[in-house]
Amino acid sequence: MSSKQLGLRPLRMVGSALALTMLVPAAAAAAPETAPADSTPAHFIVVGPSEGGLERTAESVRESDGTVMRSWPEIGVLLAGSASPEFAARVRGEPGVRAAGASRDLAEKLPDGRKTSPAGVGREQTVEIADAPDDSTGRDPLAAQQWDMRLIDAPEAHEVGRGSGATVGVLDSGIDPDHPDLAPNVDAERSVGCTDDGAPDRSREAWTPSTSYHGTHVAGSVAAARNDVGIAGVAPEADLVSIKVVNDDGFIYPSAAICGFMWAAEHGVDVTNSSYFVDPWYLWCANDPDQAAVSEAVRRAVGYASGHDVVNTVAAGNSGWNLSQPIHDTNSPNNGGPTQDRWAGPGCDVLPAELPGTVSVSSVGPERSKSFYSNHGINAIDVTAPGGDSRQDADTPSGNGAVLSTLPDGEWGYAQGTSMASPHAAGVAALIRAEHPGWSSARVVSALGEQADTIPCPKHYDTDGDGVRDAKCRGGATGAGFYGAGLVDALEAVRG
């Protein structure tokens, strides 16, 4: 049984969920101690009672010189705005208020450039565009380059079941609905944008990609159609719902993540995939009242989705860390400054990967070994899936095991990361849901692990080729320290 199922939270930190096209943010300039007077009001999460309504909570917000910007009465959470950085301290303890905290860095001064992926810190690499498929060959002409699908027996699974009837919500940077491999499966009616302070926006512009390929790549791994064009995803007949939570600067703020999980729960989504962590803190710690409020709010949103029978797969991260050990955090917050130098203590969680109701996914390469960048840790990983293993100094990711999938504007390309692994697990979960529509999310999650192929710990592990055994896999023959229950299995999903 995993630590999430037990409700025990091992201390761990997730770095980036994506290993490609990401830059470590430059050190930010010293931030002002108070928000500029002429700035947009700072954003605060206010947590009220989980039951009984938020009327008194909203009244306390207004009495504390705040305004209610957004409300999720189903989980007892408000998004408030205030020009005063002392707002959270002022409203805490007022009637109807259980917790309150800043949902962003109050400095709100972005470093030069923008965050280039949904995940934050990672290894700087580039996406390689694939050659255009030869449509004359038929039968998904780029499928021969999909080692990832063969690794989990997806082609064999497709002879039995293809995910028809299941719906996967991709919480990411948007899906290109016109891509020939995705157009047959994208459900525009249920797609939504959540980046406007958590307000659902169903316009096409709100849920399609604007600055990032990431969500389109993820979507292709989940459910690119078998239509004799390009590639095929794990569940090629599943419906795709684009739930855009990544803003144009590459950040996923708490209000967007909350909106995403709530939307999935209330619009018939069976599985979600979240290849990100919530900004701007890499760990949200319970001993900080600001961070504790946000953590509780996102926990409620994930719990609401899980309670509505949604399976939530989440990327484990790409910093090569042992997530069951304390992590030195020197990069938070990542959207302003100054950054803190802290050791995470008990009660510090990555959101949403460390929350109950999620399935944390590590990455393997073509040889079924832990990817050099993938986070790991005993009781920290639930399952593993193909994410790619191209060393950061490789000139051609495709030649060294990156994952081929869809890109905006009708292209295909290679990328790697636990961002690429997690959607494979989401696709397998969709296959299970399609075969067993009456199963609860908890039963689907159990089957995902039970059907996974065990990968034992290697006798040694050299992450960078220098001969140093610099990563330990606890779990012996079970391989749980690297792989959790094992490698997801598409064929077993449709047989089971």
Side-chain angles (χ1 to χ4, degrees), residues 31-108 194-201 245 251-263 265-266 278-281 283-305 307 333 335-336 347-349 351-352 355-356:
E33 295 183 0
T34 59
D38 59 351
S39 68
T40 301
H43 296 72
F44 298 86
I45 290 291
V46 181
V47 179
S50 56
E51 298 179 358
L54 288 170
E55 293 82 4
R56 190 63 187 91
T57 311
E59 186 177 342
S60 290
V61 166
R62 290 187 288 269
E63 291 173 350
S64 301
D65 298 326
T67 58
V68 175
M69 302 173 64
R70 202 72 55 221
S71 174
W72 296 279
E74 302 89 346
I75 58 173
V77 174
L78 297 173
L79 178 68
S82 176
S84 171
E86 288 80 30
F87 167 79
R90 185 181 302 146
V91 78
R92 287 183 199 124
E94 293 298 316
V97 177
R98 301 290 185 268
S103 66
R104 307 185 184 185
D105 175 19
L106 289 180
E108 287 294 333
C194 284
T195 59
D196 183 13
D197 295 328
D201 184 346
V245 298
F251 293 94
I252 304 93
Y253 287 121
S255 58
I258 292 169
C259 168
F261 285 109
M262 299 297 289
W263 184 269
E266 295 172 350
V278 175
D279 295 303
W281 298 90
L283 298 105
W284 297 77
C285 296
N287 62 1
D288 181 294
D290 288 289
Q291 295 167 39
V294 172
S295 184
E296 171 61 13
V298 179
R299 183 196 67 77
R300 290 187 184 187
V302 172
Y304 187 79
N335 72 331
C348 294
D349 293 323
L351 306 181
L355 295 175

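The two residues Ser103 and Pro254 have their closest heavy-atom pair at O-CD, 3.3 Å. The shortest non-hydrogen separation linking Trp281 to Pro333 is CH2-CD, 3.8 Å. Across all their heavy atoms, Val278 and Trp284 have their closest contact at O-NE1, 3.2 Å. In plain terms, the two heavy atoms of Ala286 and Ala292 that are nearest each other are O-CB, 3.6 Å. When all heavy atoms of Phe44 and Ala88 are compared, the pair lying nearest together is CD2-CB, 3.8 Å. Pairing each heavy atom of Gly260 with each of Val245, the nearest pair is CA-CG1, 4.3 Å.
Contact check on Asp290 versus Arg92 returns a salt bridge, with a Lys/Arg side-chain nitrogen under 4.0 Å from an Asp/Glu carboxylate oxygen. Glu63 and Arg90 are not joined by a salt bridge, as no carboxylate oxygen comes within less than 4.0 angstrom of a charged side-chain nitrogen. Ion pairing between a basic and an acidic side chain is recognised when a charged N comes within 4.0 Å of a carboxylate O; Glu296 and Arg299 show such pairing.
Here Ser295 contributes atom OG and Leu355 contributes atom CG; the two are 6.0 Å apart, rounded to the nearest 0.5 Å. The distance from atom CZ of Arg98 to atom OG of Ser50, rounded to the nearest 0.5 Å, is 8.0 Å. Here Asp288 contributes atom CG and Leu283 contributes atom CG; the two are 12.0 Å apart, rounded to the nearest 0.5 Å. Distance CD1/Ile45 to CD/Gln291: 13.5 Å, rounded to 0.5 Å. Put simply, OG1 on Thr67 and CZ on Arg62 are 10.0 Å apart, with the number rounded to the nearest 0.5 Å.
Of the possible polar contacts, none joining the Ser64 side chain to the Gly66 backbone as a donor-acceptor pair under 3.5 Å is found.
The shortest side-chain heavy-atom distance between His43 and Tyr253 does not fall under the 4.5 Å cut-off. Residues Leu351 and Val298 form a side-chain contact, since some pair of their non-hydrogen atoms from C-beta on lies under 4.5 Å apart. Under the 4.5 Å side-chain criterion, counting only non-hydrogen atoms from C-beta, Ser255 is in contact with Leu79. Two residues are said to be in side-chain contact when any heavy atoms from C-beta on lie closer than 4.5 Å; Asp197 and Cys259 fail this criterion. At a threshold of 4.5 Å between non-hydrogen side-chain atoms, the residues Arg300 and Val47 count as touching. Side chains of Val68 and Leu54 form no contact here, defined as non-hydrogen atoms less than 4.5 Å apart. Looking only at side-chain heavy atoms (C-beta outward), Pro280 and Phe251 stay at 4.5 Å or farther from each other. In this structure, the side chains of Asp279 and Asn335 stay at 4.5 Å or more apart for every pair of heavy atoms.
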Task: Val46/Phe87 under side chain to side chain contact (heavy atoms under 4.5 Å, CB included): CA gap, chis, key distance, verdict - done: CA-CA 10 Å; Val46 181; Phe87 167 79; 4.1 Å; yes
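A side-chain donor-acceptor contact under 3.5 Å links Arg56 and Ser60.
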